[in-house]
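Please read these numbers as outputs of a predicted model, since none were measured by experiment. By convention in this document, chain letters (A, B, ...) are assigned in the order of the sequence lines, proteins followed by strands, and residues within each chain are numbered from 1.
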Protein chains: 2
Amino acid sequence: MKKAKSTMKQTKRSSDSITLEDVARLAGVSTITVSRALNYPEKVASTTLENVNRAISQTGYVPNLLAGGLASKKTKLIAAIIPSITNSVYAETIQHFSSYLREAGYQVILGESGYPEQNEQKLITTILSRKPDGLLLTGVNHSKECRKFLLGAKIPLVETWELTQSPLDIAVGFSHEQVGVAVGSYVTNKGIKQVGSVCANDRRAKIREQAMCDELKRRGIDDIKTAEVSAPTNLQSGRAGFSQLLQQGFRNGIVCCSSDTVAHGVLIEAQARGIRVPYEISILGFGDQNFASETYPAISTVRVDRSKIGLLAAETLLARIDEKAVEKTIIDVGFEIVERQTT
Amino acid sequence: MKKAKSTMKQTKRSSDSITLEDVARLAGVSTITVSRALNYPEKVASTTLENVNRAISQTGYVPNLLAGGLASKKTKLIAAIIPSITNSVYAETIQHFSSYLREAGYQVILGESGYPEQNEQKLITTILSRKPDGLLLTGVNHSKECRKFLLGAKIPLVETWELTQSPLDIAVGFSHEQVGVAVGSYVTNKGIKQVGSVCANDRRAKIREQAMCDELKRRGIDDIKTAEVSAPTNLQSGRAGFSQLLQQGFRNGIVCCSSDTVAHGVLIEAQARGIRVPYEISILGFGDQNFASETYPAISTVRVDRSKIGLLAAETLLARIDEKAVEKTIIDVGFEIVERQTT
DNA sequence: TTGAAAGCGATACCAA
DNA sequence: TTGGTATCGCTTTCAA
């Protein structure tokens, strides 16, 4: 007993939407031919193709990727887990990541991990249940349980923003220790004697701060004032953090911040107090966000190339998915200390 | 001939992943019972439930939502189309939108419409092929073709950021004309005589600027200098825009900007030129982004509540999906002019 | 170049 | 409370 949906009013679980079968009937071909016309047009005779295309536009057919993905085990979906979409460094990374993948016919689905109500494992399970073809992670610090699920999914994975000696699969990022060391040596090379640090209570930020302090001490600078502010940071964090430093007796020197947002807040507080930047104090940010080149003269920063991370992550992931060989599984994109000159 | 996947090495299209059937076999129940244990645990005897749960954690089972969605026609997916993820006003809206939906068991999939290489219709088709249960749109300006596909999907829709008399389904936003009028009257009420406008070449921004100019003229202010900058805007846009105004002879008065980013750029340029804000000129932004309350004293702004838009959009959409009655289909969240005082 | 039939992994429907 | 069976809409496999 064949189906004859068009003739019987309603089959048991009929649906209202237009399916391949509707298109096939209209075009006078079988469903598989329509499927081929969509996925491998070159495998279909040109006249057939025309017929099918006409039928598609006549019906306004929209393929059902759930069904397609279920059948083919390829969803053309890539998942990305980031701490927060409102943090512009992550948003920019994802923006480049998505844009590259979009051109390759993939779509990105986002998960936000930065919210405590959201346990990481549940997030990962939720994401994996959509059966993405690949997955981007932010950071390398996953619980044992999570690693199990991640590896169990048997899909290409890319960890970003941080580097590790033992990536789950691929890592694209930079070393936060190296950033700290570079900042420490930058500061001493400039002959600066007093250093203040306004640092968010964020794992990676703390790694950078620690490495910086170690390097400074190694180079003989012991006068380091530190202020911790809670993540996510905003301008207010910077203002408050800088005030703390001043209370601790910080006067002339450099204020190193865990993000450009914090740095900006420090600048505002300094201006409010009549402290001239970069004359009396100088400020170093991190991320190079919101600071289009040459636009903001008063703050120097550690530039991390979000587009590079996003693009390389996308590229490597795709290569893995297409089962091409991937030369490097640990990719260091580096960073750069950008000095801003006053105009 | 029944399937006996566990005994035969490989069936024709076997897969490596763990399915409901694997769990069922281990728990000694049928697949539908496992399905119930997951979706309606209260409909399953407690001993059975325990067995099933044990089997689930033993196997590390992750449900396949493609299959589930296909069978049930409920994907627990909500799509959101925004111009750009890196624009913080949209990102914040989505952040609240997602967070509300997440608690209700839904996941958000994003589409970016702001990139020209991406035609809107293709974007919509791509999104709809994932069969979301609902859809958020930014703006109310859709092509006829798009409206057709959108309506054809027969899912709840919510248009945000803008209001219209004839929404596709639901609209949550505010009137950009009203913003313009309010700004116009705010300016004249303060007794300001000269107005400069730095406006992005963005549809909604232009609507606001136009309404403001009309209102100003109505109230007898004709001395309006305008500078257009291209979207997406950054600090540089503001600097350049303000420079243009100065060239046109703008001296004392207020600079009205199409976004806070632009306003911030204007501030920087003013400071660079030694023009004191808000004494010699005052600055009005739009959006209240990046300006945590009371943090940035020099710039006033038009505050639009992103969390309200995101939350109300999510709430209304869910109500529609659950087929609850929705009282209002046009929801005006309003706006507010926030004056910042100098400290 | 085209098609028939058998899945993909879940849920809906009806029965026990 | 539990299970058998028929789908959901598409692609793979194999055959014509």
Check the phosphate of [N] against [X], side-chain N and O only, distance under 4.0 Å to OP1 or OP2. Yes or no?
X	N	answer
A/T33	C/dT2	no
A/S35	D/dT11	yes
B/K73	D/dG9	yes

Please state how far atom [atom1] in [X] lies from atom [atom2] in [N], giving the value in whole angstrom units.
X	N	atom1	atom2	result
B/N51	D/dT2	CG	C1'	14 Å
B/N64	D/dC8	CG	C1'	13 Å
A/L70	C/dA6	CG	P	18 Å
B/L66	C/dT11	CG	C1'	14 Å
A/L20	D/dT12	CG	P	12 Å
A/L128	C/dG9	CG	P	15 Å
B/I18	C/dA10	CD1	P	11 Å
A/E21	D/dC8	CD	C1'	12 Å

### Query
Crowded around B/K328 NZ? As in, over 12 foreign heavy atoms under 6.0 Å?
no

### Minimum-distance nucleotide to B/I32 side chain [options: D/dT12, C/dG9, C/dC13]
C/dC13

### Message
Of the options C/dT1, C/dG3, D/dT2, whose atoms approach the side-chain atoms of A/T48 most closely?
### Response
C/dT1

#### Entry: Within-4.5 Å side-chain heavy-atom neighbours: B/T160 and B/F97
no

### Query
Would you call B/I331 and B/T316 a side-chain contact if the rule is heavy atoms closer than 4.5 Å?
yes

#### Entry: Given DNA chain D, 5'-ward residue of the pair A/N39 and B/T47, judged by closest heavy atom
B/T47

### Query
Considering heavy-atom distances to DNA chain D, does B/K43 or B/A67 have its closest nucleotide positioned more toward the 5' end?
B/K43

### Query
5'-most contact on DNA chain C: B/R36 or B/L65, nearest heavy atom basis?
B/L65

### Task
Map B/K74 and A/S30 onto DNA chain C by nearest heavy atom, then report which one ends up closer to the 5' terminus.
A/S30

For [X] and [Y], does a side-chain donor sit closer than 3.5 Å to a side-chain acceptor?
X	Y	result
A/R130	B/Q107	yes
B/D22	B/T59	no
A/T126	A/S129	no

### Close approaches to DNA chain D from residues 56-63 of chain A, in residue order (heavy atom, under 4.0 Å)
A/Y61, A/P63

### Task
Run the salt-bridge test on B/E162 and B/R203 with the 4.0 Å N-O cut-off and return the result as yes or no.
yes

